[in-house]
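Structure, as structure tokens:
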Amino acid sequence: MLEPLIRSSLPRFQALYDRAPSPARDLLTSARGWFLTRVRYGPETSALLEELRIHELWCASDVYFYQLSALSAVVDFARRTVPFYASYPDAPIRTFADLRALPVLSRETLRRNTSLFLSSTVPPRSRIRAGTTGTTGANLSVAYTEELARANWALLLRQWSWAGVSPREPRVTFFGARVVPQTRDVPPFWTHNFPERQTLASIFHLSEKTAPHYLDFLDLHSGEVLEGFPSVLSILADFVLARGWPIPMRVIFTSGEPLYPEAREKISRAFSARVFDSYGMTEYCGLIHQCEAGGMHLVPEFGFLEILNDCDEPVGPGEEGHFVWTGFLNRAMPLLRYRIGDHGRWQPGPPCECGRAFPLVVPTITRESDVLRCPDGRLFSPRALNQFLKQTASLRCCQFVHAAPGRIVIRAVPGGSRAPEEAAILREQLQSLLGLQFRVTFEFAAEPLTRPGGKIPLILNQVHS
Ligand SMILES: [Zn+2]
């Protein structure tokens with residue numbers, strides 16, 4: 001039960017961590033890794049993974065009955081223990097259609113009533129808290145449990161097995177952890193988590209100037225597993241391709257952002273490896289994993305997916321609609337019929353060549369963002385800037401507009417009383433990150449800026465065409 005305490009204390013430790021010399025940072029990262037490893041690789045995890053691998057033999061009706069029973073259990077649990085659902089109709093779930101007696105839950109409703117979604121069965125000390133900014137850049141605070149983190153890890157290990165990767169194979173990670181102080185301008189831009197044989201690299205130090213260091217680093221780790229945000233791996237792939245020869249990696253896992261076909265091709269070419277994508281969210285109510293045959297499979301043990309049109313009616317095969325998830329595993333904050341804001345469609349046609357009966361889903365790319373290019377050569381992926389939004393709670397939608405040379409406008413739709421205060425802090429943080437090369441200003445707006453197709457980019461570059 002230490003994970004909730006550690007997670008909530010992490011922001012306070014960041015300053016101490018940043019001041020530590022590099023070997024000490026390795027030690028601190030490994031200490032953190034050791035706790036995570038206990039959650040991820042307990043005896044329960046291997047038993048669970050074994051069971052999950054058996055599920056791969058399921059036929060379509062096995063999937064149906066498993067999901068039906070899990071749905072019925074979570075709806076019953078939520079109604080009994082979560083204040084928000086107390087008034088929901090008390091109708092049993094005997095078929096998937098019965099679920100439609102319950103209302104669809106919007107992200108905004110959840111954001112405004114977060115505390116009402118907490119189950120009374122999970123005491124505060126057992127809740128792990130996390131922030132997410134979703135597809136619109138509006139912050140939401142969610143809670144989950146250690147059991148869920150473990151199950152999530154076991155499911156990830158199952159996807160690794162589809163790629164032929166065993167637990168604890170050496171890997172290089174490019175996600176959002178601040179592993180190196182922002183002011184650092186010489187290597188190392190990475191730190192080690194020895195218990196998991198993992199090297200965590202900073203996504204905040206990528207620049208034309210540091211590119212040779214990142215290339216040397218990746219050369220040194222050639223042959224290992226590579227994982228990260230697609231936009232970050234895409235920047236690295238550009239470095240590699242510009243140099244002229246690839247850095248072969250074992251296999252690549254992407255998540256946390258949509259993966260564009262061009263980015264997939266580029267990343268795969270730069271690292272001479274296959275890319276396995278996945279779709280998930282911090283609300284932990286749905287999961288999609290790509291298999292070795294390329295199919296994007298709904299993970300049936302994780303949650304139930306409905307794809308609905310604007311009138312909340314199910315769409316036909318191949319037709320695009322809103323993702324509406326009911327998560328099975330989060331006992332701290334169960335979400336029923338949660339419309340997350342992402343879109344996609346069921347993939348019609350024959351079952352996947354991999355032979356698994358897990359349904360095939362195609363998520364639509366909803367956020368087409370630019371990369372922020374600084375005059376000093378630094379490159380910020382949308383996910384790097386996104387990390388700054390996780391502390392905000394009163395901004396409904398936030399975008400970074402590179403409006404003119406040397407000028408960044410943070411453009412936000414206010415969504416709470418603390419919006420001006422949070423906006424000021426955000427502006428200050430971004431200004432200190434970018435330094436004197438940019439003047440960062442802030443403005444409130446009624447609506448976000450959109451691109452054709454309704455896409456809401458996080459970063460808009462109005463300077464470079
Ligand atoms: Zn498949």
Side-chain angles (χ1 to χ4, degrees), residues 48-68 70 96 151-167 169 171 225-228 230 233 249-265 267-269 271-281 284-307 315-321 323 325-329 342-365:
L48 189 54
L49 178 59
E50 222 166 279
E51 191 188 317
L52 292 172
R53 298 235 48 189
I54 295 170
H55 295 179
E56 294 176 50
L57 305 171
W58 276 350
C59 63
S61 79
D62 293 330
V63 173
Y64 175 87
F65 285 110
Y66 182 93
Q67 289 221 301
L68 192 60
F96 287 165
N152 194 47
W153 194 255
L155 286 161
L156 183 84
L157 291 179
R158 180 171 71 183
Q159 193 201 18
W160 286 10
S161 75
W162 297 353
V165 172
S166 321
E169 274 193 44
R171 74 187 200 276
V225 171
L226 175 64
E227 62 178 357
L233 298 188
M249 300 302 283
R250 168 115 163 69
V251 68
I252 298 158
F253 294 103
T254 52
S255 63
E257 272 178 338
L259 175 65
Y260 304 96
E262 311 84 68
R264 173 193 287 276
E265 187 277 326
I267 294 167
S268 182
R269 191 151 46 92
F271 299 105
S272 311
R274 288 195 56 184
V275 181
F276 287 72
D277 192 25
S278 64
Y279 166 96
M281 73 294 281
Y284 289 113
C285 53
L287 197 56
I288 298 169
H289 278 163
Q290 188 169 36
C291 74
E292 66 276 32
M296 293 292 282
H297 288 280
L298 172 79
V299 175
E301 301 91 341
F302 201 85
F304 180 72
L305 173 65
E306 297 169 86
I307 304 182
V315 296
E319 204 179 307
E320 191 183 274
F323 277 179
W325 291 98
T326 299
F328 297 152
L329 300 177
D342 292 334
H343 300 79
R345 56 187 172 83
W346 296 110
Q347 183 178 311
C352 188
E353 281 172 27
C354 73
R356 297 177 192 95
F358 305 165
L360 292 168
V361 196
V362 185
T364 311
I365 290 170

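Values reported hereafter were calculated over all heavy atoms of this structure, with side chains retained and with hydrogens, waters and symmetry mates removed. Ligands are counted one by one from 1 in listed order, and the atoms in each one are counted from 1 as well.
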Which class fits the ring pair Phe276 and Phe253: parallel under 30°, tilted 30 to 60°, perpendicular over 60°? tilted

Counting only heavy atoms from other residues, nucleotides and ligands, does the tally under 6.0 Å from CD of Glu353 exceed 12? no

What pairs meet the salt bridge (charged side-chain N to carboxylate O under 4.0 Å, His left out) rule with one or both residues in residues 56-68, with sequence neighbours excluded? Arg53-Glu56, Glu56-Arg356

Step by step, work out the ring-ring contact (aromatic ring centres under 6.0 Å, His included) result for His289 and Tyr279. CA-CA 7 Å; His289 278 163; Tyr279 166 96; over 10 Å; no

Identify whether the distance between the nearest side-chain nitrogen and carboxylate oxygen of Glu50 and Arg158 falls below 4.0 Å. no

Tally, protein N/O/S atoms nearer to the Zn ion (ligand 1) than 2.8 Å: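 Near the Zn ion (ligand 1), the number of protein N, O or S atoms below 2.8 Å is 4.
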
Please evaluate residues Trp58 and Tyr66 with respect to the criterion ring-ring contact (aromatic ring centres under 6.0 Å, His included), reporting the C-alpha separation (whole Å), side-chain torsions for both, the decisive distance (0.1 Å), and the verdict. CA-CA 10 Å; Trp58 276 350; Tyr66 182 93; 4.9 Å; yes

